[in-house]
Amino acid sequence: MDVWFIIEVFCGHVMVCKDSIFLRRVEMDGPVLADKWDALIEPGRVHGSLYYDTAIFKEEIEKIWFTTWVYIGHESEVPNNNDFVTKALGPMPVLMTRDRKGEVQLLLNRCPHRGNAVCVLEKGNKASFTCPYHSWTFSNDGALIGYAFPDGYQKAEKSELGLSKVTRVANYRGFIFGSMAAEGPTLEEHLGGAITALDRLCDNSPTGEVEITAGFLQHRTKANWKFILENECDGYHPAFVHSSIFSVADSGITDLYGADAVAVTRSFGNGHTEVDPRPEFRRRDKPLSWFNTKPERLPDYVQQMNEAYGPERAREIMIDGTPHIMIFPNLFIAEIQIFVIQPVSANESIQHVTALQFKGAPDMNRRLRQQTMGSVGPAGFLLADDTEMYERNQRGLEIRDPEYLYLKRGEHRERHDEDGYLIGHATDDLPSREIWKHYRSLMEDK
């Protein structure tokens, strides 16, 4: 017979559980003990409270979102001086601007006077921002320009009252990341092997550049952000959850995600995971089969690629296609589009999604936009399927028995590839296990 206990854990949260491993008390005002994470994250199992506990969510914001590198936006979203777009770093609003000098800035969208947002527009072109509450005005590089009725501020130091900035900013091939940590790994160190996926993506453009210019759709879901994070490289669900749309599209999805698939899942470390279907595409040996089309349907794009890379290299690129990778914690490159995950609360998230565009390739870009709208647009099926699963998962956690989620599929067949990265079958839980390993390393870090 199970015996149930009510115990106190970190931040005074009360956890109801039946497992004696939780009986080691954590002091209310003391340090977070490793025993807490021993209990919550086991090899191949994670506790359900990790997805719904509000105290854990707040801790994640501090130890993950405000510590590691987070994708903010792409430089093509602010192509001209004084352009701006509103973004987010976790739940925190950010203004990404290109200032008068052409430098990209990441400003916290919070007036230092009373905390009001200094900009509520999604995008535009402005050299300055004026807080609507008391009319403090700031340059688009964050400097305080002036305030209303200045005689009341005779001893104020303007240089100390500008907009705060994201502490560190880094740009890799147009992808802009920010970190609120003053010290830590460089962006390149954070990305590790995942950097090759960004290179692969850009190489599919005849100019070597991608653009984010098609506009974003925002999909709000009543589910924890980690359900989305894990799902993006989960190769077990597509043949079932997406069977209707893939059968209509005649995409051959069972070849990629079936029991006999040659595609693999891969961990690059630091929480970055991918589904790599290149073995299947190479077996087919047909350029653009990854895009479910043929070269003769995109003659201008193919010609541009041949001219840019030479016929042999261009053919290799067009066979392999673009990556399917989840860059921890929030950037998902899904072959033809990108998703940016934004956590809102323990049980609510927003996915920002847009079609990828290859600079200088209009015929390819048109198809990229059309397929994105068909799959994840307002009437698309793909994201609707996934969102239904996220929300069902979240509701299911209200059923507290069993307490743990099982993530051991494929443990027996994990192996290392020629580059030393851990890989598994396309349908295995390897990505989730590796995500949780990195998650725990960040949450345990003092």
Side-chain angles (χ1 to χ4, degrees), residues 173 191-206 208 210 231-239 242 246 249-269 272-295 298 301-302 305-306 308-328 331-339 356 358 361 364 367-368 371 375 382 410 413-431 434:
R173 297 194 73 164
L191 291 173
I195 209 165
T196 60
L198 291 176
D199 290 335
R200 280 179 51 208
L201 172 62
C202 293
D203 287 349
N204 273 268
S205 168
V210 299
N231 181 78
E232 308 303 30
C233 288
D234 173 80
Y236 198 19
H237 79 279
H242 305 308
F246 287 130
D250 189 28
S251 65
I253 191 65
T254 54
D255 293 335
L256 296 179
Y257 297 109
D260 298 324
V262 295
V264 299
T265 51
R266 178 178 288 105
S267 169
F268 289 110
H272 312 312
T273 58
E274 76 166 347
V275 175
D276 185 359
R278 287 178 294 177
E280 172 61 27
F281 298 144
R282 290 170 180 173
R283 184 166 66 177
R284 297 178 188 178
D285 197 32
K286 296 178 180 178
L288 296 177
S289 71
W290 70 270
F291 198 38
N292 199 31
T293 191
K294 299 177 181 179
L298 294 171
Y301 170 72
V302 172
M305 291 292 287
N306 288 336
Y309 297 103
E312 184 176 347
R313 176 60 183 146
R315 190 175 192 278
E316 292 175 353
I317 294 172
M318 290 188 288
I319 287 175
D320 284 351
T322 53
H324 186 108
I325 186 170
M326 182 67 236
I327 296 178
F328 187 91
L331 174 60
F332 176 40
I333 300 170
E335 289 95 4
I336 65 172
Q337 61 235 348
I338 65 168
F339 294 77
L356 286 161
F358 297 156
M364 171 62 96
R367 285 285 298 272
L368 288 165
Q371 291 196 22
S375 60
L382 198 67
R413 54 187 178 188
E414 289 182 0
R415 61 194 188 280
H416 290 89
D417 65 14
E418 60 274 14
D419 296 314
Y421 297 119
L422 198 62
I423 63 172
H425 189 270
T427 64
D428 287 348
D429 288 332
L430 181 147
E434 289 294 294

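For this chain, numbers begin at 1 and follow the sequence in order. As the structure is a computational prediction, the values presented were derived from the model and not from experiment.
- If you take NZ on K294 and NZ on K286, they are separated by 7.0 Å, rounding to the nearest 0.5 Å.
- Heavy atoms only, all atoms of each residue included: A426 and A261 are closest at CB-CB, 4.4 Å.
- Residues F339 and A334 approach most closely at CE1-CB, 3.9 Å, considering heavy atoms.
- A distance of 6.5 Å separates CD1 of I325 from OG1 of T196, quoted to the nearest 0.5 Å.
- No side-chain heavy atom of Y301 sits less than 4.5 Å from a side-chain heavy atom of R367.
- When the side chain to side chain contact (heavy atoms under 4.5 Å, CB included) test is applied to R278, the partners found at least two apart in sequence or on another chain are R200, R266, E274, D276, R282, D320.
- Shown here are the salt bridge (Lys or Arg N to Asp or Glu O under 4.0 Å) partners of D285, two or more places apart in sequence or in another chain: R315.
- Looking at every heavy atom in both residues, S205 comes nearest to Y309 through O-OH, 2.9 Å.
- Rounding to the nearest 0.5 Å gives a distance of 4.0 Å between CZ of F291 and CG of L368.
- For Y236, the OH atom counts as loosely surrounded, since its 6.0 Å shell holds 12 or fewer non-hydrogen atoms of other residues, nucleotides or ligands.
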ask   = Can you check side-chain contact (heavy atoms from CB on, under 4.5 Å) on T293 and M364, steps first, answer last?
value = CA-CA 11 Å; T293 191; M364 171 62 96; over 6 Å; no
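- The main-chain N or O of I327 is never found under 3.5 Å from a side-chain atom of H272 such that the two would form a donor-acceptor pair.
- H242 contributes atom NE2, which lies 10.0 Å from atom OG of S375 (distance to the nearest 0.5 angstrom).
- Side chains of L191 and F268 form no contact here, defined as non-hydrogen atoms less than 4.5 Å apart.
- Exactly one residue among I336, I333, N204 makes a side chain to side chain contact (heavy atoms under 4.5 Å, CB included) with L356. That residue is I333.
- Between V275 and E335 there is no side-chain heavy-atom pair separated by less than 4.5 Å.
- The shortest side-chain heavy-atom distance between H324 and F332 falls under the 4.5 Å cut-off.
- Of all non-hydrogen atoms in G208 and R173, the two that sit nearest each other are O-NH2, 3.1 Å.
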task = Go through T273 and T265 one step at a time and tell me if the side-chain contact (heavy atoms from CB on, under 4.5 Å) criterion holds.
result = CA-CA 7 Å; T273 58; T265 51; over 6 Å; no
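- A heavy-atom distance below 4.5 Å is not found between the side chains of D203 and E316.
- The side-chain heavy atoms of R415 and V264, taken from C-beta on, include a pair separated by under 4.5 Å.
- For E232, there are no salt bridge (Lys or Arg N to Asp or Glu O under 4.0 Å) partners two or more places apart in sequence or in a different chain.
- Shortest non-hydrogen contact noted between A263 and P277 is CB-CA, 3.7 Å.
- Interatomic distance, D428 CG to C233 SG, rounded to the nearest 0.5 Å: 13.5 Å.
- S267 OG to H416 NE2: the interatomic distance, rounded to the nearest 0.5 Å, is 9.0 Å.
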